[in-house]
Amino acid sequence: MTQAPVNVTVTGAAGQIGYALLFRIASGQLLGPDTPVKLRLLEIPQAVKAAEGTAMELEDGAFPLLAGTDIFDNPKQAFEGANVALLVGARPRTKGMERGDLLEANGGIFKPQGEAINAGAADDIKVLVVGNPANTNALIAQQHAPDVPAERFTAMTRLDHNRALAQLAKKLGVSVADIKKMTIWGNHSATQYPDVFHAEVAGKNAAEAVNDETWLAEDFIPTVAKRGAAIIEARGASSAASAASAAIDHVHTWVNGTAEGDWTSMAVPSDGSYGVPEGLISSFPVTTKNGKYEIVQGLELNEFSRTRIDASVAELSEERDAVRSLGLI
Ligand code: NAD
Ligand code: LMR
């Protein structure tokens with residue numbers, strides 16, 4: 001090993017995404033084949049034993065890049081020195097729970113985690129929130145970490161991006177690798193807008209290649225936006241390995257850069273681009289280079305896109321208002 005290990009804190013480490021995620025981090029797929037990692041796992045006290053079992057399995061994987069695994073039930077300790085934080089653990093919606101209850105329960109998780117990141121994370125900390133409602137949970141954590149640059153808090157829409165690539169590739173009979181410049185706009189929820197109008201398939205415009213607005217409106221968009229619910233229906237549990245895979249992709253792209261002539265989708269704090277109110281953590285097309293991302297500028301949005309982006313952004317504004325009125329930010 002040529003460099004000091006990078007500290008990667010993972011919350012909800014004993015959950016189903018955690019189980020799919022940790023082994024891929026340990027194998028080097030998060031940061032690259034030359035970067036050793038040290039895992040710092042955060043769980044609630046009742047799940048620490050299960051996390052210890054996973055840590056035993058990580059040890060048994062004999063991963064050359066894994067420099068150690070520590071387990072905590074205290075956020076302050078878990079985020080101490082963290083360079084990358086994957087906030088996966090969240091309170092799932094249970095029967096009879098209203099949206100306000102869900103936001104409040106998650107406020108109880110993401111507020112102290114934001115404070116802990118503020119208090120002890122490394123200067124180069126990068127945060128990805130996976131736990132739902134991901135965009136607003138990221139906002140809560142960010143608002144409690146005033147000393148960390150706001151743009152370091154991001155939420156995951158890469159799973160939606162990957163789902164959109166897969167659906168479009170299937171429709172056009174091409175490989176996902178032939179598709180560039182896919183975009184997810186807005187919230188990681190059923191209001192999200194997967195946009196193919198700027199996407200390219202083997203160098204041609206994807207919307208022109210599809211040439212079927214009815215398919216876009218009635219098939220593609222709802223299939224991508226409601227895929228999470230369809231997986232829950234089929235599997236009896238929410239997506240786990242695909243979500244873990246998307247989390248790996250998100251951080252890998254953030255750290256290692258987007259390919260020339262392509263971009264990705266990340267939910268990031270808006271700077272007002274495309275009329276998205278400043279500060280909302282909303283999904284945009286972004287390019288990344290040298291560990292930094294930039295929102296792609298200058299895309300023309302047609303009426304079809306504008307209406308759908310506005311609807312998803314309105315939902316994000318409502319969520320922000322709700323957590324404000326609960327005193328969570
Ligand atoms: P899970 O219930 O299997 O695991 C969640 C884990 O988080 C549990 O082990 C739990 O003990 C832990 N946890 C709860 N509160 C915690 C806290 N305060 N600190 C640390 N750990 C805590 O759930 P999962 O299937 O792994 O999913 C995790 C989250 O990811 C859910 O909110 C799910 O909705 C979300 N998700 C997001 C996406 C996305 O694309 N953004 C995709 C799939 C799932
Ligand atoms: C997904 O997109 O698969 C998840 O966010 C679904 C969910 O509600 O957990």
Side-chain angles (χ1 to χ4, degrees), residues 9-22 40-55 71-79 82 85-94 97 99 102-117 127-138 140-141 144 154-164 166 184 186-192 194 222-251 265-267 281-283:
T9 298
V10 180
T11 76
Q16 39 152 13
I17 294 177
Y19 195 69
L21 182 60
L22 294 171
R40 301 177 72 80
L41 311 184
L42 177 65
E43 259 298 348
I44 53 173
Q46 307 88 288
V48 161
K49 190 141 200 300
E52 284 169 358
T54 305
I71 300 167
F72 305 93
D73 62 7
N74 174 320
K76 283 262 161 23
Q77 292 169 346
F79 290 107
L86 302 172
L87 274 47
V88 178
R91 174 80 156 79
R93 191 198 290 263
T94 42
M97 208 174 182
R99 199 156 86 157
L102 183 71
L103 291 170
E104 189 154 25
N106 278 298
I109 295 173
F110 288 87
K111 179 173 181 267
Q113 291 185 1
E115 288 166 351
I117 289 169
V127 182
L128 167 62
V129 176
V130 174
N132 281 321
N135 302 53
T136 297
N137 286 341
I140 295 171
H144 293 279
T154 68
M156 191 164 93
T157 50
R158 185 62 172 265
L159 178 55
D160 311 298
H161 180 99
N162 289 346
R163 287 166 171 165
I184 303 294
N187 200 1
H188 171 68
S189 76
T191 68
Q192 67 177 265
T223 298
V224 173
K226 296 181 189 160
R227 186 71 164 183
I231 301 280
I232 292 171
E233 177 69 27
R235 237 171 65 82
S238 66
S239 61
S242 58
S245 197
I248 295 279
D249 290 345
H250 177 115
V251 174
S265 304
M266 286 168 69
I281 298 190
S282 187
S283 189

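Position 1 is the first residue of the sequence; numbering continues from there. All ligand and atom numbering here is 1-based and tracks the order in the structure. This one's a predicted model, so the numbers in the text were calculated from it and none came from an experiment. Hydrogens, waters and symmetry mates are skipped; everything else that's a heavy atom, side chains included, is used.
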Q | Taking atom 6 (C) of ligand 2 as the reference point, the nearest protein heavy atom with its distance | A | G228 CA, 4.0 Å
Q: Give yes or no for whether the N/O distance cutoff of 3.5 Å, strictly under, is met between D160 and ligand 1.
A: no
Q | S239 N/O under 3.5 Å from ligand 1 N/O | A | no
Q. Is there a donor-acceptor pair closer than 3.5 Å between any side-chain N or O of R235 and the backbone N or O of S238?
A. yes
Q) Which protein heavy atom lies closest to atom 5 (C) of ligand 1, and at what distance to 0.1 Å? A) G15 CA, 4.2 Å
Q: Answer with side chain, backbone, both or neither: which part of Q16 has a heavy atom less than 4.0 angstrom from an atom of ligand 1?
A: both
(Q) Run the side-chain contact (heavy atoms from CB on, under 4.5 Å) test on Y19 and T54 for me, step by step, so that the C-alpha distance in whole Å, both residues' side-chain angles and the decisive distance to 0.1 Å come before the verdict. (A) CA-CA 7 Å; Y19 195 69; T54 305; 4.0 Å; yes
(Q) Side chains of F110 and T11, heavy atoms from C-beta outward: is any pair under 4.5 Å? (A) no
**Q.** Element-labelled atoms of ligand 1 that are located less than 4.0 Å from some non-hydrogen atom of A90
**A.** 32 (O)
Q: Just jot down the ligand 1 atoms closer than 4.0 angstrom to any heavy atom of G12, in number order.
A: 6 (C), 7 (O), 12 (C), 20 (C), 21 (N)
(Q) Does ligand 2 come near enough to R163 that some N or O of the ligand is less than 3.5 Å from an N or O of the residue? (A) yes
Q: Check each atom of ligand 2 against the heavy atoms of S239 and keep those under 4.0 Å away; list them by number with element.
A: 1 (C), 3 (O)
**Q.** Main-chain N/O of R91 paired with N106 side-chain donor or acceptor, under 3.5 Å
**A.** yes
Q) Quick one: nearest non-hydrogen protein atom to atom 19 (N) of ligand 1, plus distance? A) Q113 NE2, 3.5 Å
Q | Which residue and heavy atom of the protein sit nearest atom 33 (C) of ligand 1, plus the separation | A | N132 ND2, 3.7 Å
Q: Determine, stepwise, if the pair I71 / E52 fulfils side-chain contact (heavy atoms from CB on, under 4.5 Å).
A: CA-CA 7 Å; I71 300 167; E52 284 169 358; 3.6 Å; yes
(Q) Is the contact between I17 and ligand 1 made by the side chain, the backbone, both, or neither, using heavy atoms and a 4.0 Å cut-off? (A) both
Q) Does S238 come within less than 4.0 Å of ligand 1, judged by its heavy atoms? A) yes
Q) Is there a heavy atom in Q46 that sits closer than 4.0 Å to ligand 1? A) no
Q.
When you measure from the side chain of R40 to the backbone of Q77, do you find a donor-acceptor pair of N or O atoms at a distance under 3.5 Å?
A. yes
Q: Of the side chain and backbone of R158, name the one, both, or neither that has a heavy atom under 4.0 Å from an atom of ligand 1.
A: neither
Q: List every atom of ligand 1 that sits less than 4.0 Å from any heavy atom of L159, numbering the atoms from 1 in the order shown and giving each element.
A: 40 (O), 42 (C)
Q: Establish whether atom 7 (O) of ligand 1 and some protein heavy atom are separated by less than 4.0 angstrom.
A: yes
Q. Is a side-chain donor or acceptor of S283 paired with a backbone partner of S265 at a separation under 3.5 angstrom?
A. no
(Q) Side chains of N132 and N137 only: does a donor on one sit below 3.5 Å from an acceptor on the other? (A) no
Q.
Could you tell me, atom by atom, which parts of ligand 2 come under 4.0 Å of a heavy atom of S238?
A. 9 (O)
Q) For ligand 1, which part of V130 has a heavy atom less than 4.0 Å away: the side chain, the backbone, both, or neither? A) both
Q. Do side-chain atoms of T9 reach the backbone of A78 as a donor and acceptor pair under 3.5 angstrom?
A. yes
(Q) Taking side chain to side chain contact (heavy atoms under 4.5 Å, CB included) as the definition, give me every residue that meets it alongside S245, ordered by chain and number, with sequence neighbours left out. (A) R24
(Q) Could you identify the single nearest non-hydrogen protein atom to atom 39 (C) of ligand 1 and state the distance to 0.1 Å? (A) H188 NE2, 3.2 Å
Q: Considering non-hydrogen atoms only, spot the tightest contact between D73 and P45 and give its length.
A: OD2-CG, 3.9 Å
Q. Can you tell if the side chain of T136 reaches within under 4.5 Å of the side chain of I281, non-hydrogen atoms only?
A. no
Q: Any atoms of ligand 1 less than 4.0 Å from a non-hydrogen atom of A14? List them with their elements.
A: 9 (O)
**Q.** Side chains of K111 and P75 in contact at under 4.5 Å (non-hydrogen atoms)
**A.** no
Q. At a non-hydrogen distance cut-off of under 4.0 Å, which region of N132 contacts ligand 2 (side chain, backbone, both, or neither)?
A. side chain
(Q) Looking only at the side chains, is there a donor atom on one of H250 and T154 sitting less than 3.5 Å from an acceptor on the other? (A) yes
Q. At a 4.0 Å threshold, what atoms of ligand 1 neighbour a non-hydrogen atom of A243?
A. 42 (C), 43 (C)
Q.
As a quick check of understanding, evaluate side-chain contact (heavy atoms from CB on, under 4.5 Å) for L21 and V10, giving each step before the final call.
A. CA-CA 9 Å; L21 182 60; V10 180; 4.1 Å; yes
Q) Nearest to atom 17 (C) of ligand 1, what protein heavy atom do you find, and at what distance? A) I44 CG2, 3.7 Å
Q: Enumerate the atoms of ligand 1 whose separation from the nearest heavy atom of V88 is less than 4.0 angstrom.
A: 28 (C), 29 (C), 30 (O)
(Q) Return the closest protein heavy atom for atom 9 (O) of ligand 1 as residue, atom name and distance. (A) E43 OE2, 2.6 Å
Q: Can you sort out which atoms of ligand 2 are near H188, meaning under 4.0 Å from one of its heavy atoms?
A: 1 (C), 2 (O), 4 (C), 5 (O)
Q.
Under a 3.5 Å threshold, yes or no: a donor from one side chain and an acceptor from the other, between N187 and Q192?
A. no
